[in-house]
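Here the structure comes first, spelled out in structure tokens, and everything after it is commentary.
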Amino acid sequence: MVHTVSPTTISPALARRIALAAQGFGTHPTTPVGIRQLTAMVNRLELLQIDSVNVFERSHYMPAFSRLGPYDKAQLDRLTTGREARFTEYWAHEASFLPVDVWPLFRWRMQQNRDRSARTVGHWSSANQPMLDWLLAELAANGPMRASEIEHDANKRSGPWWGWSDVKTGLEVLFRWGDVVSAGRIRFERVYALPQQVFSPDLLGREILEADAHRELVRRSARAHGIGTVKDFADYFRLKSAPTLVAIGELAEAGELIPVEVPGWRPHGAVGAAWLHRDARLPRTMDAQAILSPFDPVVWERARALRLFNFHYRIEIYTPEPKRVFGYYSLPILLGDTVVGRVDLKNDRQAGVLRVQSAWAEPTSPADAAARLAVVLREAATWQGLDEIVVVPRGNLAAGLAAELD
């Protein structure tokens with residue numbers, strides 16, 4: 001049985017600090033941020049979610065800034081591109097950069113994607129096998145290529161060649177199946193390659209049973225969470241609840257996960273509804289000071305953000321402008337050990353201005369929230385190479401923030 005000991009009770013405040021410490025908050029670099037610190041950060045988080053929205057900054061660049069402060073984005077790019085890359089891409093928690101050694105842990109998902117395509121009536125791949133074969137041959141002959149390069153090449157040919165949308169669709173099908181992989185990105189466009197053109201024979205030769213892969217993914221998820229529920233651990237890599245429960249049971253038997261109770265976390269009074277990773281730090285204090293991407297692991301699972309921080313969070317990109325409350329792309333504000341508000345930022349690159357479209361404080365926001373946020377925004381402007389910060393008078397934190405930045 002898993003529950004061989006009575007669960008330890010952990011306060012909600014300590015649970016917040018554990019979660020933030022596991023995510024790399026609370027430690028401040030004493031030297032300039034470089035390859036070593038960036039590598040350690042991604043290895044700690046296990047993945048960086050990728051998103052195309054670039055109103056302030058692309059999502060995968062944000063976690064490092066939130067945790068480490070200003071850094072050279074080109075160094076993170078180095079870690080995701082070329083034969084020396086330490087990170088690759090796959091559909092982990094949505095499209096994500098992840099450590100290269102995590103890629104084989106998703107072979108079962110690649111096979112599931114292939115099997116699902118085969119049994120789905122009318123699936124694109126069933127009617128386009130010649131296209132898939134041609135794409136693999138193009139990559140074999142020419143090496144890593146972007147979809148736009150293959151499409152351009154196809155347009156020069158005569159005969160029944162395919163347009164860009166079909167090229168991209170085919171490459172994405174092969175990517176989900178694991179038949180092609182990422183060789184980095186150029187101007188945010190993924191470069192596709194055959195696995196042997198990017199990965200080592202050792203990595204390609206790793207065959208991992210599905211149950212073993214799930215256990216390892218849950219182990220990594222639990223370590224990145226520090227503390228969490230079954231749903232939390234499953235969501236990190238988009239796993240199903242049933243295999244996640246099995247993996248948690250095995251990890252608990254091995255002593256890697258410890259059943260705990262957090263008041264307010266227990267669904268329907270279930271014992272052991274939360275789990276603590278045995279290596280999690282239990283900080284007495286937490287002095288974080290950051291803005292977060294909407295796709296930061298700290299807040300991407302909205303139910304967890306509500307449970308941890310009492311912070312109800314939705315981005316309003318798809319909400320018609322007249323109905324938006326907080327702004328198009330509001331970023332959570334993390335101060336101390338909790339989320340105290342949100343700020344809608346726009347990077348006006350042409351004018352060299354960081355535009356604060358709105359700034360909102362939660363009812364329990366501390367009195368110095370505006371002053372501390374001003375420090376973060378000055379760092380953000382410097383990081384982005386912007387000369388000025390302009391605050392629009394919208395939101396209950398805007399006036400105070402404008403005064404601090406004046």
Side-chain angles (χ1 to χ4, degrees), residues 20 23-29 32-34 37-38 41-42 45 48-77 188 287-300 313 315 317 326-336 338-362 365-366 368-395 397-406:
L20 290 170
Q23 281 285 307
F25 288 97
T27 58
H28 304 283
V33 176
Q37 292 90 343
L38 292 171
M41 185 214 68
V42 182
L45 269 59
L48 298 174
Q49 185 173 335
I50 303 167
D51 188 77
S52 61
V53 177
N54 196 23
V55 177
F56 168 61
E57 181 53 273
R58 296 197 191 279
S59 181
H60 69 280
Y61 290 117
M62 281 293 297
F65 174 70
S66 301
R67 291 155 177 79
L68 304 174
Y71 71 99
D72 183 356
K73 293 187 294 180
Q75 292 192 321
L76 185 58
D77 293 338
F188 201 64
D287 189 27
Q289 186 167 291
I291 51 175
L292 306 175
S293 161
F295 307 108
D296 191 293
V298 171
V299 293
W300 70 25
Y313 182 46
I315 54 175
I317 292 175
F326 298 111
Y328 179 79
Y329 197 68
S330 62
L331 308 176
I333 305 165
L334 175 65
L335 297 179
T338 195
V339 177
V340 303
R342 64 203 89 197
V343 59
D344 186 19
L345 298 182
K346 180 177 180 179
N347 188 334
D348 189 340
R349 297 167 178 85
Q350 185 172 2
V353 175
L354 176 59
R355 301 194 183 279
V356 181
Q357 309 284 67
S358 68
W360 300 86
E362 294 291 285
S365 177
D368 63 349
R372 297 182 68 183
L373 176 59
V375 173
V376 175
L377 294 185
R378 287 192 183 99
E379 281 194 338
T382 300
W383 178 49
Q384 293 293 312
L386 304 174
D387 300 319
E388 186 181 2
I389 303 174
V390 174
V391 181
V392 173
R394 179 168 180 243
L397 190 59
L401 180 61
E404 293 290 342
L405 291 168
D406 189 11

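Between Val340 and Leu373, every side-chain heavy-atom pair lies at or beyond the 4.5 Å cut-off. Contact annotation: the side chain of Asp77 approaches that of Tyr61 to within less than 4.5 Å [non-hydrogen atoms, C-beta and beyond]. Looking only at side-chain heavy atoms (C-beta outward), Ser330 and Tyr313 come within less than 4.5 Å of each other. Arg58 is listed as a side-chain neighbour of Phe188, based on a closest heavy-atom distance under 4.5 Å. The side-chain heavy atoms of Val376 and Val343, taken from C-beta on, include no pair separated by under 4.5 Å. Side-chain atoms of Leu377 and Val391, non-hydrogen and from C-beta on, never get closer than 4.5 Å to each other.
Not a single donor-acceptor pair under 3.5 Å links the side chain of Arg372 to the backbone N or O of Asp368. Checking side-chain atoms of Ser66 against main-chain N and O of Ile291 turns up a donor-acceptor pair under 3.5 Å. Without hydrogens or angle criteria, Ser358 side chain to Phe326 main chain gives a donor-acceptor distance under 3.5 Å. A donor-acceptor contact shorter than 3.5 Å is absent between the side chain of Tyr329 and the backbone of Pro294. Formation of a donor-acceptor pair under 3.5 Å by the Asp296 side chain with backbone atoms of Pro63 is not found in this model.
Going from atom CG of Leu354 over to atom CG of Leu405 covers 9.0 Å, rounded to the nearest 0.5 Å. Between the CZ atom of Phe65 and the CD atom of Gln384 there is a distance of 8.0 Å, given to the nearest 0.5 Å. We find the CG-CG distance between Leu76 and Leu38 to be 6.0 Å, quoted to the nearest 0.5 Å. Atom CG of Leu345 is separated from atom OH of Tyr328 by 14.0 Å, given to the nearest 0.5 angstrom. For the atom pair CD (Gln37) and OG1 (Thr27), the distance works out to 10.5 Å, reported to the nearest 0.5 Å.
Across all their heavy atoms, Leu335 and Ala369 have their closest contact at CD1-CA, 3.7 Å. When all heavy atoms of Val339 and Pro332 are compared, the closest pair comes out as CG1-CB, 3.9 Å. Of all non-hydrogen atoms in Ala64 and Tyr71, the two that sit nearest each other are CB-CE2, 3.5 Å.
Sorted by first and then second residue, the salt bridge (charged side-chain N to carboxylate O under 4.0 Å, His left out) pairs involving residues 345-359 (not counting sequence neighbours) are Asp348-Arg355. Every pair tested for side chain to side chain donor-acceptor pair (under 3.5 Å) that includes a residue from residues 373-383 fails, sequence neighbours excluded, so the list is empty.
Residues that satisfy the side chain to side chain contact (heavy atoms under 4.5 Å, CB included) test with Asp72, not counting sequence neighbours, are Ala74, Gln75.
Each of Gln49, His60, Met62 was compared with Ser293 under the side chain to side chain contact (heavy atoms under 4.5 Å, CB included) criterion, and only Met62 meets it.
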Checklist entry - Does the pair Leu45 and Arg67 meet the rule for a side-chain contact (heavy atoms from CB on, under 4.5 Å), with working shown? => result CA-CA 11 Å; Leu45 269 59; Arg67 291 155 177 79; 3.7 Å; yes
Checklist entry - Given the rule in the side-chain contact (heavy atoms from CB on, under 4.5 Å) test, do Leu334 and Leu20 qualify, once you have shown the distances and angles that lead to the verdict? => result CA-CA 10 Å; Leu334 175 65; Leu20 290 170; 3.9 Å; yes
Next on the checklist: The test is side-chain contact (heavy atoms from CB on, under 4.5 Å); show your working for Val55 and Ile317 and say whether it passes.
Outcome noted: CA-CA 11 Å; Val55 177; Ile317 292 175; over 6 Å; no
